[in-house]
Number of protein chains: 2
Amino acid sequence: MAGTKIQNMEEFANLSGISRPTVSKYFNDPDSVRASTRVRIEAALERHEYRPNIYAMNQNRKLTKNIGIVVPLLSDPYFAEIARNLEQRCIVAGYRPTLFSSHGDPALEVQALDTLRSLKPAGVLLAPLGRASNPKALKKFCADVPTLIFDSSVDEIGLAFVGSDNFQFTAHITDYLCRTGEPPCFFEMKTPANPNAHRRRQSYINAMEGFGYKPDVISVEGEGWGFEEIGRLGGHEALRNGCFSTNTILCSNDRLAIGLLTACYEQGMLVGRNAGSAIRVAGQDGHPHSRYTCPPLTTISHDYDAVSQIAAETLFASIEGRISPWKSTRLEGKLILRDSA
Amino acid sequence: MAGTKIQNMEEFANLSGISRPTVSKYFNDPDSVRASTRVRIEAALERHEYRPNIYAMNQNRKLTKNIGIVVPLLSDPYFAEIARNLEQRCIVAGYRPTLFSSHGDPALEVQALDTLRSLKPAGVLLAPLGRASNPKALKKFCADVPTLIFDSSVDEIGLAFVGSDNFQFTAHITDYLCRTGEPPCFFEMKTPANPNAHRRRQSYINAMEGFGYKPDVISVEGEGWGFEEIGRLGGHEALRNGCFSTNTILCSNDRLAIGLLTACYEQGMLVGRNAGSAIRVAGQDGHPHSRYTCPPLTTISHDYDAVSQIAAETLFASIEGRISPWKSTRLEGKLILRDSA
DNA sequence: TGATTTATTTTACGCGCGTAAAATCAGTAT
DNA sequence: ATACTGATTTTACGCGCGTAAAATAAATCA
């Protein structure tokens, strides 16, 4: 507590009267040393306040407790939320998570993986950027480090894939929209960053054809990760030009829908499922913010908890030797009915 | 490229025919070795693809290039955005940022600082949790590591403080609201997580009294960081009970305002500054999402760029030896007029 | 009590790299 | 060609810690 600053384990070991390796054992598992030794170490610990350097610890460890978490874009609350969830699970399981964001940039994604190599992680939870990712770099990384892919799949790399069943997502919400009003048009980005978008479009087309309706896909221009603004601008143009063949719009994702809602507001169009409304808008993802749009957004939500739980458990299992063949798990979404559709 | 996996600098040095320390010098500054040596190293680099282990690099370095960034809550897009901005500036300046989120938990904040010590950072950019922070731990950390505090100040610790001028924020937007309609009520959390909230309340009171109006502060219950929900629930209650003495509400922050907008929607109250609206709502922060509420939120925005630039530059200056006495910089906000007020 | 087994601790070395000091080299003057 | 100077490279050691193998202490048994 009031002692001088201890700089390393050697000093602390001397102060406690125990050899350094024994102190090392103590920190890796307090029960691995004799009770009498443990008491002496803990007594010294109270007087001197020392903590081992985790990076030095991992330097020469056979298997570290480090886990890397890489998401495409931390400023997207969806990824922020799932990252937080995963971090929590790692900590609870006794691992030490380190978070990286690719910030939407493939070069930064590669750089994050490079940094991770230096960390000698026991495993990595990786949500790839998607279309923009450098597939060769990802594949190579997966070959070297036990990596679980989540959210967005890239071939059959890594230990396994866990994500949402985008076909089910869109099929389900399309079904709902068709049963409760006019069949939906599909509002998406022309060049989506994420392969999930293609699945959703295809699923929309399938669902519409199943109902005997003609699919109507509106693809708007726009690059990058500013989905709301892309949705707003594209929405304005589509609304002005009467591109939507029905009064119901299913957006490829919630952020796009949020932008479209703003466009509707700015054009004075009332959104909602009640009689007085001019248009229905629905999203997909269950974005943390979707509850607070006006009107609150009807959407189909990822099962955040299940995705992150399965992702984490699968990785832990692999790290702990309970290996299993590559497998893709795609979880169903839950329809969240709100006022927008 | 096609070479076998190089595991360490020694192997690479042998393959390139240069001694390891010289290779080490090269990686720390390619110009510090003879041109002929550099060519040989770079030739080997193309054939073998080797990257030094950054954590081992920093183990015995006199001064590392590591910079820690700690924010209270990454799932808040405000902090996500400012963190991204800071990360970028560090990279451009040749530093290596590592991002930590306290996830709203003081224990995690302390843990992040502990982890940072192991990283031997050249400096740290820290946005404290605020009220919940462990002041002793923060003070101790600042004594050991060059730390710049931003967003939310805690005494006069660290190298300096950079944030927004909350008095100016609230005075300015209160002024605007008073001039353009009924004077605002002030909507806030009873026990805010962040000391900035108190400044804002006080500034509101001062501004109102300056105008000769009676301040009306509505403090709603609610713990934690789910500000939108707190604003929504508190808003419902306040609206039902007629707590607001005027038709204009200034929220302590944008997230609270977003929740209040939802409450208004759910009660069928039209929000806006035009004739037909029943209520005006304004926020404070310039939250990334405020553009996309319906109606878009009138707010007073942090100067994200200036805050992060000054924060980063101040830290870099200190790291590079250009030290200066402790100083508090509080930047003015910019009023963003939208439809909500 | 002494020999034997077993649980702990120590010794000795390694992880991947930085860095001061010593050794070597290239370049210049004689 | 030789001695000398300054830049570059190499030698040698250290960073803070993990871990196998050796040494020691505790526990068990005859």
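Here is the naming used below: chain letters follow the sequence lines, and residue numbers restart at 1 for every chain.
- The nearest whole Å value for the distance from the OH atom in B:Tyr55 to the C1' atom in D:dG18 is 19 Å.
- Each of A:Arg61 and B:Gln59 was assigned the nucleotide of DNA chain D with the nearest heavy atom; the assignment lying further toward the 5' end belongs to B:Gln59.
- Residue B:Lys25 is in base contact, counting any heavy-atom pair closer than 4.0 Å across all strands shown.
- Take the nearest nucleotide of DNA chain C for B:Arg34 and for B:Gln7: the residue whose nucleotide is more 5' is B:Gln7.
- Contact annotation for A:Asn28: backbone-only contact, meaning every heavy-atom pair under 4.0 Å involves sugar-phosphate atoms and none involves a base.
- With hydrogens and angles left out, the side-chain atoms of B:His103 and A:Glu87 include a donor and acceptor closer than 3.5 Å.
- Of the inter-residue distances, the one linking A:Ser16 atom OG with A:Arg47 atom CZ reads 8.5 Å to the nearest 0.5 angstrom.
- At the heavy-atom level, A:Tyr26 lies nowhere under 4.0 Å from the strands shown.
- The side chain of B:Val33 lies closest to D:dT9, out of C:dT9, C:dT19, D:dT9.
- Rounded to whole angstrom, the span from the CZ atom of A:Arg20 across to the C1' atom of D:dA20 amounts to 13 Å.
- Taking every side-chain heavy atom of B:Ser19 into account, D:dT9 is the closest of D:dT9, D:dC17, C:dG14.
- With C:dT19, C:dT10, D:dG16 as the choices, the nucleotide that has an atom nearest any side-chain atom of B:Ser24 turns out to be C:dT19.
- Side-chain proximity of A:Met9 to C:dC17, D:dC17, D:dG14: nearest is D:dC17.
- Within the nucleic acid shown, B:Pro21 comes within 4.0 Å of at least one base atom, counting heavy atoms only.
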